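Keep in mind the model is a prediction, meaning the values are calculated, not measured. Every chain is numbered from 1 and lettered A, B, ... according to where its sequence line falls, protein lines coming before strand lines.
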2 protein chains.
Amino acid sequence: MSLAETSTKPGAGTLYKTIRQDIERRILTGEWPPGHRIPFEHEIMEHYGCSRMTVNKALSELAQADLIERRRRAGTFVRRPQFLSAVLKIPDIRAEIGALGRAYGYELISSARRTANSADRERLGVKTPCKVIAIRCRHSADGLPFAIEDRLIDLDAVPDAAKANFKIDPPGSWLLHHVPWTEAEHAISAIIADDAIAAGLDIAVGAPCLVIERHTWRQGQPLTAVRLVYPGEQHRLVARFRGSE
Amino acid sequence: MSLAETSTKPGAGTLYKTIRQDIERRILTGEWPPGHRIPFEHEIMEHYGCSRMTVNKALSELAQADLIERRRRAGTFVRRPQFLSAVLKIPDIRAEIGALGRAYGYELISSARRTANSADRERLGVKTPCKVIAIRCRHSADGLPFAIEDRLIDLDAVPDAAKANFKIDPPGSWLLHHVPWTEAEHAISAIIADDAIAAGLDIAVGAPCLVIERHTWRQGQPLTAVRLVYPGEQHRLVARFRGSE
DNA sequence: AGCGAGTTTATGTATAGACATATCGCCCGT
DNA sequence: ACGGGCGATATGTCTATACATAAACTCGCT
């Protein structure tokens with residue numbers, strides 16, 4: 001029990017993957033519950049009889065996958081699992097539609113620049129007064145409505161947005177290419193189309209819609225808040241992924 | 001232009017992060033489109049004047065994040081972005097409800113073991129005849145309906161499932177703890193509650209529902225297919241994440 | 001031309017050692 | 001008791017080197 005388990009099935013052939021999978025297994029089965037401090041690199045390295053870099057590589061990958069949290073001097077801890085957390089990787093609708101091989105269409109419905117009212121401030125999560133741009137637009141694929149977008153941009157945080165031409169560029173694409181972000185949050189829910197949504201998406205009132213709300217920050221400062229409404233029966237969010245081999 | 005840009009803002013203080021972000025930026029802005037071969041480790045290492053291990057660390061992280069694909073002898077290539085791919089990280093409803101601090105309830109509605117009919121086979125994606133378990137159950141939080149689950153398990157791929165007691169253990173939890181998987185696929189969509197769903201979730205017919213369909217494989221072999229229906233106005237899939245600092 | 005064996009090359013893994021950096025805790029002085 | 005400073009310690013980064021491995025390429029044989 002004390003030495004490296006070269007006798008057990010090697011798992012994946014390489015040492016660091018074996019280490020990573022051993023730890024991953026213990027976390028997923030609950031043997032090491034959230035908050036548990038996993039052995040120091042020093043100890044793991046002795047257990048497997050390898051160098052610290054090898055252990056470090058295994059732990060770094062687990063940290064990148066958010067399974068563990070590493071704190072200097074304190075050690076490495078099992079993270080609370082992110083239940084049903086949904087990560088939408090690339091948020092650019094224009095590119096998405098292009099990748100589907102369909103013709104992208106964009107239409108600016110309304111655009112207003114104003115001092116943020118209390119609803120705007122709450123939605124963005126800012127406390128101090130600021131200027132915002134409020135945009136409503138529609139994306140379409142092959143001429144058919146694809147999504148309705150409702151967006152608020154904090155002009156103080158993104159002053160360049162005042163110079164962008166949102167009659168031509170979709171705000172999502174423009175922001176993705178011009179503004180770096182550090183944190184984001186998504187929420188996905190389902191709603192029933194009301195009159196405005198039904199008209200905008202060319203579907204029946206009462207039809208199901210998928211709603212994605214996204215907030216984006218840079219170093220804790222709110223940049224933009226957006227709400228995208230998709231026809232729910234036509235649109236599916238699909239993801240395929242691997243379980244770290 | 002030829003040497004390391006120590007004059008530009010360091011980005012993140014450490015070299016490998018600078019390298020990773022430089023490359024990430026070029027990919028996200030489209031400067032290096034999908035399929036583009038990015039410079040060899042050898043070249044990057046000379047460009048930044050560092051060792052290959054440092055470059056390798058940066059590229060490994062980008063590969064883990066699925067931004068690039070690495071092929072021996074051929075080089076490293078920008079991957080086709082996974083548009084709007086949604087990754088639901090932990091699929092265990094029992095743990096999810098527990099984490100919300102609410103009391104978990106589980107009720108098996110029906111369970112049947114049978115030889116897969118053609119609909120079962122299509123849903124699972126198997127071609128040859130096999131045995132399956134079909135389960136319908138309900139999850140609740142604090143006594144209120146939380147989700148309806150409809151699941152198919154391939155008994156040939158997961159023979160142990162015949163011994164599990166799904167009257168007590170939710171099939172999702174049981175599978176998570178007993179069956180390793182290597183690939184999974186999610187699809188999220190929105191539907192309108194029909195009679196059966198409305199009754200099961202205690203909501204009105206015509207109310208919006210969020211649907212998650214998940215398929216799970218091990219080494220390409222289908223293990224299980226599940227469809228989860230949530231009340232759409234009460235339930236939101238939320239995720240917060242960082243943009244690789 | 002077709003095919004198989006050998007070569008080249010870029011990535012993959014692993015090592016030992018070095019120094020940096022964030023903190024946890026302890027000790028000491030007020 | 002309280003707080004500031006400092007040392008111990010675990011992780012973070014980086015290097016130079018070595019060998020393994022897979023795949024693309026070359027070349028020569030039939």
* Structure fact -> Atom NE2 of A:H42 and atom P of D:dA10 are separated, to the nearest Å, by 8 Å
* For the pair made of CD in B:E46 and P in C:dA10, what is the distance, rounded to whole Å? -> 12 Å
* Rounded off to whole Å, could you give me the CZ-to-C1' distance for the A:F77 and C:dC24 pair? => 11 Å
* **Value in whole Å for how far the C1' atom of C:dG12 lies from CD of A:E61** => 12 Å
* Give a yes or no on whether a donor-acceptor pair under 3.5 Å exists between the nucleobase atoms of C:dT11, that is its base, and the side chain of B:R70. => no
* A:M53 CE - C:dG12 P separation (whole Å) -> 15 Å
* Find the distance A:N56:CG to C:dT13:P and express it as a whole number of Å. => 15 Å
* Asked: Checking all strands, does B:T76 fall into the base, sugar-phosphate, or nothing category for heavy-atom contacts under 4.0 angstrom?
  -> sugar-phosphate
* To do: State which of C:dT15, D:dT11, D:dT13 makes the closest approach to the side chain of B:K57.
  => D:dT13
* Distance only, no hydrogens: is a donor on one side chain within 3.5 Å (strictly under) of an acceptor on the other, for A:N56 and A:S60? -> yes
* To do: Answer with yes or no whether A:R71 presents, from its side chain, a donor or acceptor under 3.5 Å of a partner atom in the base of D:dG12.
  => no
* Going by modelled atom types, is there a donor-acceptor pair between the base of D:dG12 and the side chain of A:R52 at under 3.5 Å? -> yes
* Kindly say whether, by distance alone, the side chain of B:R73 makes a donor-acceptor pair under 3.5 Å with the base of C:dT11? => no
* Carboxylate-amine/guanidinium proximity below 4.0 Å for B:R37 and B:E43 -> yes
* Structure fact -> 5'-most contact on DNA chain C (nearest-nucleotide basis), A:C50 vs A:R72, goes to A:C50
* With sequence neighbours excluded, tell me which residues meet side-chain hydrogen bond (donor to acceptor under 3.5 Å, both in side chains) with B:D160. => B:K163
* Structure fact -> note: A:L62, atom CG; D:dG12, atom P; distance rounded to Å ~ 12 Å
* Is there a side-chain polar atom (N or O) of A:K17 under 4.0 Å from OP1 or OP2 of C:dG12? -> no
* To do: Choose from D:dC14, C:dG12, C:dA14 the nucleotide whose nearest atom is closest to any side-chain atom of A:T54.
  => C:dA14
* Asked: Mind checking what makes side-chain hydrogen bond (donor to acceptor under 3.5 Å, both in side chains) contact with A:T76, not counting sequence neighbours?
  -> A:R70
* Pick base, sugar-phosphate or nothing for A:L15, based on heavy-atom distances below 4.0 Å to the nucleic acid. => sugar-phosphate
* Atom-pair distance (OH on B:Y48; C1' on D:dT15), nearest Å -> 18 Å
* Asked: Which atom pair, heavy atoms only, marks the closest approach of A:P129 to A:D156?
  -> O-OD2, 4.1 Å
* **Closest nucleotide among C:dA20, C:dT15, D:dC14 to the A:S51 side chain** => C:dT15
